[in-house]
Amino acid sequence: MNFVETFRRALRCLQPSAVVVDFDPPAESLRSTPVIKLPSGILHSVGPVEACASLGLKEGEPVLIASYSRYSLEFRPIRPEEARLAALDHYRVVSRILETMVELAVEGVEGDRVGTLCVISEGADRMYRTTVPVKVEDVNVMTGSGKRVLKALAKLDGAIVVDPEGNIEAAGAIFDVDSGSVEPGLGARHTTALHVSKELNCPVIVLSESGRIRLYHGGKEVLKISVSDLVAIRGFCDG
């Protein structure tokens, strides 16, 4: 039995609320089941969140995740952290920044690898150290010019702060996080992201110089994109 036929049978038997795929599924097998198509590199990590955000799926609703490139099928409920992230009013801003971080990981800035931290929150300034960050005005990441500015700001030390509407508020921000609280296996940048995401209950995106991208929310890691996935997932968000 080939993969497409297995997919058809799984769809008939399992009756998911939505399917997330990395191929063009046969239309006759879908009937009224909503489908989201994503590149294989982020299918399992971002797919259920996209299903929540785009289709209004709730925690516990079943999704079928089908990857033709990996010959894998996964049937599972929407997890609480996925529903929580997708329910944020500014999820599209998060997606836009993730898209930009993917491009930076692949292309760098002027050929150089960069690492940066991006906090999406209101009131983040209450966690700044006394060091005054670079203030940014009238730049929104949802525009083409704003995306270019975001890439340029990634070269600065410290974090980029974006409000829930996508307006860049500051760059080079240093957050007041105890340097002795580094989590096992994490560097200072990731530890800062984890603690800031918990304290502000907001999404924080980290791009490492190695090209790895992680998304934290509420003090937990909710998304990780590995180096091997990056070329495959360029442009996965429409913004």
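Counting only heavy atoms from C-beta outward, the side chains of Ile205 and Ile213 approach each other to under 4.5 Å. Contact annotation: the side chain of Glu199 never approaches that of Val177 to less than 4.5 Å [non-hydrogen atoms, C-beta and beyond]. A 4.5 Å side-chain heavy-atom check between Glu107 and Lys151 finds at least one atom pair inside the cut-off. Pro25 has its side chain out of reach of Val19: every pair of non-hydrogen atoms, C-beta onward, lies at least 4.5 Å apart. Put simply, the side chain of Ser67 reaches to within 4.5 Å of the side chain of Ser72, judged on heavy atoms. Looking at heavy atoms from C-beta onward, Lys147 lies out of side-chain contact with Val141 at the 4.5 angstrom threshold. Inter-residue side-chain proximity for Leu38 and Val20 is flagged as met; some heavy-atom pair is nearer than 4.5 Å. Taking the side chain as every heavy atom from C-beta outward, Val102 and Leu98 never approach each other to under 4.5 Å.
Ion pairing between a basic and an acidic side chain is recognised when a charged N comes within 4.0 Å of a carboxylate O; Glu221 and Arg214 show such pairing. For Lys37 and Asp22, the salt-bridge test fails: no basic side-chain N is under 4.0 Å from an acidic carboxylate O. Between Arg96 and Glu99 a salt bridge is recorded (basic side-chain N to carboxylate O distance below 4.0 Å).
Note on Ile174: it does not cluster hydrophobically with Val162, by side-chain heavy-atom contacts below 4.5 Å among ILVMFWY residues. Tracing side-chain contacts under 4.5 Å through hydrophobic residues (I, L, V, M, F, W, Y), one reaches Tyr128 starting from Val119; they form part of the same cluster.
Here salt bridge (Lys or Arg N to Asp or Glu O under 4.0 Å) pairs that include residues 157-173, with residues two or more places apart or in two chains, number zero.
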When you look at Leu57 and Val63, which way does the side chain to side chain contact (heavy atoms under 4.5 Å, CB included) test go after all the steps? CA-CA 9 Å; Leu57 267 61; Val63 292; 3.5 Å; yes

Does Val196 form a side chain to side chain contact (heavy atoms under 4.5 Å, CB included) with Met127? I'd like the steps, not just the answer. CA-CA 8 Å; Val196 170; Met127 286 190 70; 4.0 Å; yes

Go through the steps to decide whether Thr116 and Met101 satisfy the test side chain to side chain contact (heavy atoms under 4.5 Å, CB included), and finish with yes or no. CA-CA 9 Å; Thr116 192; Met101 294 301 108; 3.6 Å; yes

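Leu64 CG to Gln15 CD: the interatomic distance, rounded to the nearest 0.5 Å, is 12.0 Å. Atoms CG and OG, from Asn140 and Ser145 in turn, are 8.5 Å apart once rounded to the nearest 0.5 Å. In this structure, CD in Glu122 is found 11.0 Å from CG in Leu200, a value given to the nearest 0.5 Å. In this structure, the separation between OH on Tyr91 and CD on Glu50 is 3.5 Å, given to the nearest 0.5 Å. Here Cys118 contributes atom SG and Leu150 contributes atom CG; the two are 5.5 Å apart, rounded to the nearest 0.5 Å. With values rounded to the nearest 0.5 angstrom, Arg92 atom CZ is found 13.5 Å from Ile97 atom CD1.
Shortest non-hydrogen contact noted between Val161 and Ala124 is CG1-CB, 3.9 Å. Scanning all heavy atoms of the two residues, the minimum distance from Ala51 to Ile36 falls at CA-CD1, 3.3 Å. Summarising the geometry of Ser29 relative to Arg8, their closest heavy-atom pair is CB-CG, 3.7 Å, with the distance given to 0.1 Å. When all heavy atoms of Pro203 and Leu215 are compared, the pair lying nearest together is CB-CD1, 4.0 Å. For the residue pair Ile120 and Pro164, the shortest heavy atom distance occurs at CG2-CA, 4.4 Å. Looking at every heavy atom in both residues, Gly146 comes nearest to Ile168 through O-CD1, 4.2 Å.
Counting non-hydrogen atoms of other residues, nucleotides and ligands closer than 6.0 Å to CD of Glu137 gives a total of 12 or fewer. More than 12 heavy-atom neighbours from other residues, nucleotides or ligands sit within 6.0 angstrom of NZ on Lys135.
Looking at Ser197, its side chain never comes within 3.5 Å of a backbone N or O of Tyr216 through a donor-acceptor pair. In terms of modelled atom types and a separation under 3.5 Å, the side chain of Glu103 and the main chain of Thr100 share no donor-acceptor contact. Side chain of Ser208 to main chain of Gly211: no donor-acceptor pair is present (N/O by atom type, distance under 3.5 Å, no hydrogens or angles).
Under the rule for a ring-ring contact (aromatic ring centres under 6.0 Å, His included), the partners of Tyr68 that lie at least two apart in sequence or sit in another chain are Phe3, Phe23, Tyr71. A search for side-chain contact (heavy atoms from CB on, under 4.5 Å) contacts involving Glu74 returns His44, Ile65, Arg76, Arg79, not counting sequence neighbours.
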